[in-house]
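Here the structure is laid out as structure tokens; the discussion comes afterwards.
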Amino acid sequence: MTGLDLQMAQKVLDSQPFSRLVGARITAFGDGAAALEVDIRPELQQQNGFVHGGVLSYAADNSITFAAGTTLGPAVLTGGFSIQYIQPATGRTLIARAIVVHSGRRQAVVRCDLFAAADDGTETLCAVAQGTVLSARN
């Protein structure tokens, strides 16, 4: 247990200028998991009206790191991640749900599923990511 909670996780997220720019919020945090949401708006779309891949990558990266922080503690850094885009993201909200697959003393492996939620709440899987997060403790 890291002693962190959802409220503190949101404060950490709010301290990141880019997270504030995209309007990200943490909706779940704890027990090896985290969820991040971003409202889909025109400024986050590419020329065809889909959410830009960079925004999906941002959401995957941050949710992966926050999920790992629930097992490794607050001092963590992304070691690397890969993302596979499945279909274009459109709708009302981008949702990134990450869960720790394995956590050791110094690193965690985390999987993230990214969904686009429509106005009626229907969720469509848009991308899948996996990453390694490293403890930054001495």
Side-chain angles (χ1 to χ4, degrees):
M1 192 66 159
T2 63
L4 300 175
D5 61 13
L6 181 62
Q7 184 178 10
M8 180 58 72
Q10 186 62 51
K11 285 182 182 180
V12 171
L13 188 70
D14 289 342
S15 73
Q16 301 173 356
F18 190 77
S19 292
R20 288 194 314 272
L21 179 69
V22 299
R25 59 193 174 274
I26 293 190
T27 57
F29 178 82
D31 298 324
L36 185 139
E37 294 186 4
V38 175
D39 292 333
I40 296 173
R41 57 186 201 274
E43 301 85 29
L44 302 179
Q45 296 172 334
Q46 44 89 297
Q47 71 278 8
N48 295 314
F50 308 130
V51 177
H52 192 283
V55 176
L56 275 82
S57 289
Y58 154 80
D61 179 17
N62 249 1
S63 63
I64 285 170
T65 304
F66 272 94
T70 70
T71 63
L72 295 174
V76 291
L77 297 168
T78 303
F81 76 98
S82 64
I83 187 167
Q84 311 309 300
Y85 300 104
I86 295 170
Q87 73 177 48
T90 61
R92 180 191 45 155
T93 308
L94 176 64
I95 304 165
R97 293 189 185 108
I99 187 162
V100 174
V101 175
H102 172 78
S103 186
R105 289 181 333 130
R106 303 283 298 154
Q107 74 177 13
V109 175
V110 184
R111 175 191 164 107
C112 177
D113 294 329
L114 294 109
F115 300 88
D119 289 334
D120 67 1
T122 303
E123 294 181 5
T124 302
L125 184 65
C126 297
V128 175
Q130 180 174 302
T132 302
V133 179
L134 309 172
S135 172
R137 295 183 313 233
N138 289 334

Side chain proximity check, F66 to I26, heavy atoms < 4.5 angstrom: yes
Closest contact, heavy atoms only, T70 versus F29: CG2-CE1, 3.4 Å
Side-chain donor/acceptor of R137 to backbone N/O of L72, under 3.5 Å: yes
A108 to V100 - nearest heavy-atom pair and separation: CB-CG1, 4.4 Å
Heavy-atom pair with the smallest gap, counting every atom of A117 and I95: CB-CD1, 3.9 Å
Residues T90, Q45; criterion side-chain contact (heavy atoms from CB on, under 4.5 Å); working and verdict: CA-CA 9 Å; T90 61; Q45 296 172 334; over 6 Å; no
Gap between atom CZ of R92 and atom OG1 of T122 - 0.5 Å precision: 9.5 Å
Closest non-hydrogen atom pair between V110 and A67, with its separation: CG1-CB, 4.0 Å
R111 side chain vs Q130 backbone, donor-acceptor pair below 3.5 Å: no
Side chains of T124 and Q87 in contact at under 4.5 Å (non-hydrogen atoms): yes
Heavy-atom neighbours of Q7 CD exceed 12 at 6.0 Å: no
Heavy-atom donor-acceptor pair, R41 side chain to V22 backbone, under 3.5 Å: yes
Worked verdict on F81 versus D61 for side-chain contact (heavy atoms from CB on, under 4.5 Å): CA-CA 7 Å; F81 76 98; D61 179 17; 3.6 Å; yes
Nearest non-hydrogen partners of I83 and S57, listed with the distance: CG2-OG, 3.9 Å
Steps toward side-chain contact (heavy atoms from CB on, under 4.5 Å) verdict (L125, L114): CA-CA 6 Å; L125 184 65; L114 294 109; 5.8 Å; no
Heavy-atom side-chain contact between V38 and L44 under 4.5 Å: yes
Heavy-atom side-chain contact between R25 and Q10 under 4.5 Å: yes
CG-CD1 distance between L94 and I40, expressed to the nearest 0.5 angstrom: 5.5 Å
Which atom of I64 lies closest to which atom of V133, heavy atoms considered: CG2-CG2, 3.6 Å
Side-chain touch L36/T27, heavy atoms, less than 4.5 angstrom: no
Pairwise distance OH(Y58) to CD(Q16) - rounded to 0.5 angstrom: 5.5 Å
Separation of Q107 CD from T71 OG1 (nearest 0.5 Å): 11.0 Å
Result of checking P88, C112, C126 against L56 for side chain to side chain contact (heavy atoms under 4.5 Å, CB included): C126
Joint hydrophobic cluster, L77 plus V12, side-chain heavy atoms closer than 4.5 Å: no
Check: S63 side chain, A59 main-chain N or O, donor-acceptor pair, under 3.5 Å: yes
Check: F50 main-chain N/O paired with N48 side-chain donor or acceptor under 3.5 Å: no
Carboxylate-amine/guanidinium proximity below 4.0 Å for E37 and R97: no
Residues S19, D14; criterion side chain to side chain donor-acceptor pair (under 3.5 Å); working and verdict: CA-CA 7 Å; S19 292; D14 289 342; over 6 Å; no
